[in-house]
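Working notes for the structure below.
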Amino acid sequence: MTKNLPFEALDAKSAVTGWTISDVERETGLGKDTLRVWERRYGFPKPLRNGSSERIYGRDQVHKLQLIKRLLDAGERPGKVVALEEQTLQDMLSTKSANASKAGKALAGNKVMGRASTSELEEPWVQWLADDETLQIKQALQQKILRHGLGQVVGSTIAPLCQRIGEAWMQGQISVYQEHLFTEILQGVLRDAITSIDGAMNIGSRSPRVLLTTTPNEMHGLGLLMAESHFALESCERYVLGTSTPLSDTLEAVRRLRIDILALSFSAYASRNDVVDSLRLLRAQIERSVEIWVGGAGAKACAKRLPEGVVLLLRPSDISDQVKAWRENTKLQAS
C-alpha cells in the first residue's frame with residue numbers, strides 16, 4: 001500500500017502511485033463507504049486501479065474531496081456539491097466564509113461575544129495550529145482560564161475562537177487533522193477546568209438537574225461543553241449524553257433522571273427546519289415543568305420560529321443568570 005506520497009508523485013498516468021482509499025479517508029475525513037457510494041452515484045471520485053485492483057486517487061481528486069468535505073460540514077448536501085467543478089466549490093466556500101465573518105462581526109457589535117473578543121483573538125491561534133504548535137494553544141488557554149476564570153474565557157475567547165478556527169478551515173488555512181486537533185485540545189482543556197470546578201466547590205451538586213445533549217445529526221459538541229462550564233460554575237447537577245442523541249432516548253432520559261432543564265446546542269450548520277421540528281416534538285412530549293433551554297448559532301438563526309416554552313440563550317454566560325432566576329422561581333413556588 002502506498003502511503004503519504006507527495007502530491008507531485010500523483011499523476012493520472014500512473015495507476016500504482018497515489019493515495020489509497022485509506023489515505024484519502026484519513027486526509028479528508030470522508031469514510032470509505034461514502035467514497036464508494038459517491039463513485040457509483042455521482043461519478044466522482046474517479047480513482048485509478050493498481051496491480052492489486054486497489055483504488056488509487058490523484059492530487060486533484062483529493063483536493064476536490066477536501067473542498068467537498070468543508071462544504072458538507074458547512075451544511076451542504078452531497079447531491080448538491082459532489083458533481084460540481086472545483087472552482088465552483090471554492091467560490092461557494094469563499095462566500096460562506098465571508099458570510100460567517102460578517103455574522104461574527106455583527107454578533108461582536110451586539111456584544112454577544114463580549115468586548116474582549118477582538119483583543120483576545122490578536123494572539124496567533126490559527127498560525128499556532130497551522131504550525132502544529134498544539135502545546136502552545138493548550139497552555140495559552142489554560143493560562144487564560146487561570147487568570148480570568150472559566151466563565152469569562154468561554155465567552156470572550158473560546159466562543160469567538162471556535163468561529164475563527166472554523167473560518168480558517170473553510171478557507172483552507174488549516175488541514176482536517178489540525179481542525180480535529182484543535183477540537184480535542186479545547187475539549188480536554190474545558191473538561192479539566194470543569195473537573196477542577198466540581199472539586200473546588202465541595203458542596204455537592206444542587207438543583208436544577210440538567211440534561212445536556214444535541215438532537216440527531218448534530219455532531220458538534222463544543223457548544224455543550226461551553227454550556228456545561230457555566231452549569232458547573234452554578235453547581236448544577238449535570239447529565240451529559242453527548243451529541244446526536246435520538247429524540248426517544250432524550251425523552252426517556254428526561255423522564256427517568258427527573259430532569260428539570262433540558263439544554264440543547266445547535267451549531268451554525270444545523271438545518272433550521274430540523275431545529276424547529278425537533279424542538280416542537282420535544283416540547284410537546286415533555287412535561288411543562290421541565291424547561292428547554294437552547295443555544296448556539298443554529299438556535300439563534302431560528303429565534304423567531306422557536307416553539308412557545310423554549311428559552312433561547314444568546315451567549316453562554318446567560319446560563320448563570322437563567323439558573324439564578326430558575327432557583328428564585330422555584331423558591332417562590334415552594335413558599
Side-chain angles (χ1 to χ4, degrees), residues 71-77 80 92 95-114 117 154-155 158-160 162-163 166-167 170 210-228 230-231 240-251 253-254 259 261-288 290-323 325-326:
L71 285 167
L72 294 182
D73 285 350
E76 297 292 348
R77 301 294 182 186
K80 181 179 178 181
M92 291 177 68
T95 299
K96 286 182 175 291
S97 179
N99 291 339
S101 181
K102 290 178 182 177
K105 291 177 181 178
L107 287 174
N110 290 326
K111 299 182 181 180
V112 173
M113 292 182 181
S117 61
V154 165
I158 293 177
C162 287
Q163 178 181 320
E167 292 173 5
M170 288 181 66
V210 182
L211 180 69
L212 296 103
T213 189
T214 71
T215 54
N217 300 318
E218 175 57 79
M219 301 301 297
H220 296 78
L222 286 178
L224 287 182
L225 269 175
M226 288 189 278
E228 187 183 0
H230 284 277
F231 282 118
V240 184
L241 296 183
T243 61
S244 196
T245 303
L247 296 184
S248 59
D249 291 344
T250 297
L251 291 168
V254 167
I259 294 300
I261 295 168
L262 171 61
L264 300 166
S265 175
F266 296 95
S267 70
Y269 308 129
S271 161
R272 296 188 182 187
N273 288 336
D274 288 348
V275 171
V276 173
D277 291 345
S278 295
L279 289 175
R280 284 176 177 166
L281 189 152
L282 289 168
R283 184 66 282 177
Q285 298 194 39
I286 293 176
E287 294 183 8
R288 284 287 168 174
V290 179
E291 297 190 12
I292 299 178
W293 299 0
V294 299
K300 295 171 193 172
C302 301
K304 295 182 179 180
R305 298 175 57 195
L306 294 180
E308 183 180 356
V310 173
V311 178
L312 173 63
L313 306 175
L314 294 178
R315 52 188 180 268
S317 59
D318 287 348
I319 290 173
S320 296
D321 292 338
Q322 201 69 29
V323 167
W326 183 92

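For this chain, numbers begin at 1 and follow the sequence in order.
- At least one side-chain heavy atom of L279 sits under 4.5 Å from a side-chain heavy atom of V275.
- Contact annotation: the side chain of H230 approaches that of S317 to within less than 4.5 Å [non-hydrogen atoms, C-beta and beyond].
- Scanning both residues, G223 and S265, for their nearest heavy atoms gives CA-OG, 3.5 Å.
- When the shell of 6.0 Å around CZ of R77 is examined, it contains 12 or fewer heavy atoms from other residues, nucleotides or ligands.
- L251 places a side-chain heavy atom less than 4.5 Å from the side chain of L281.
- At least one side-chain heavy atom of R305 sits less than 4.5 Å from a side-chain heavy atom of N273.
- Between the side chain of D318 and the main chain of L314, a donor-acceptor pair closer than 3.5 Å is present.
- Proximity of L264 to T213: side-chain heavy atoms (C-beta onward) are separated by under 4.5 Å at one or more points.
- Note that the CZ atom of R272 and the CG atom of D277 stand 14.0 Å from one another [nearest 0.5 Å].
- Nearest heavy-atom pair, S267 versus E218, reported as atom, atom and distance to 0.1 Å: N-OE1, 2.9 Å.
- In this structure, T214 contributes its side chain and S244 its backbone to a donor-acceptor pair below 3.5 Å.
- Nearest heavy atoms, A299 versus F266: N-CB, 3.7 Å.
- In this structure, the side chain of R315 does not engage the main chain of I319 through any donor-acceptor pair within 3.5 Å.
- The shortest heavy-atom contact between T215 and S278 is CG2-CB, 3.8 Å.
- Here the closest heavy-atom approach between residue I261 and residue I259 is recorded as O-CG2, 3.1 Å.
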With side-chain contact (heavy atoms from CB on, under 4.5 Å) as the test, would you mind laying out the steps for V294 and L306 before giving the verdict? CA-CA 10 Å; V294 299; L306 294 180; 4.1 Å; yes
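- For the pair R283/I292, a side-chain contact is recorded, criterion being any heavy-atom separation below 4.5 Å from C-beta on.
- Among residues two or more places apart in sequence or in another chain, the side-chain hydrogen bond (donor to acceptor under 3.5 Å, both in side chains) test is passed with E291 by W293.
- Nearest heavy atoms, P307 versus R280: CG-CG, 3.5 Å.
- The structure places CG of L262 at 6.0 Å from CG of L282, a figure rounded to the nearest 0.5 Å.
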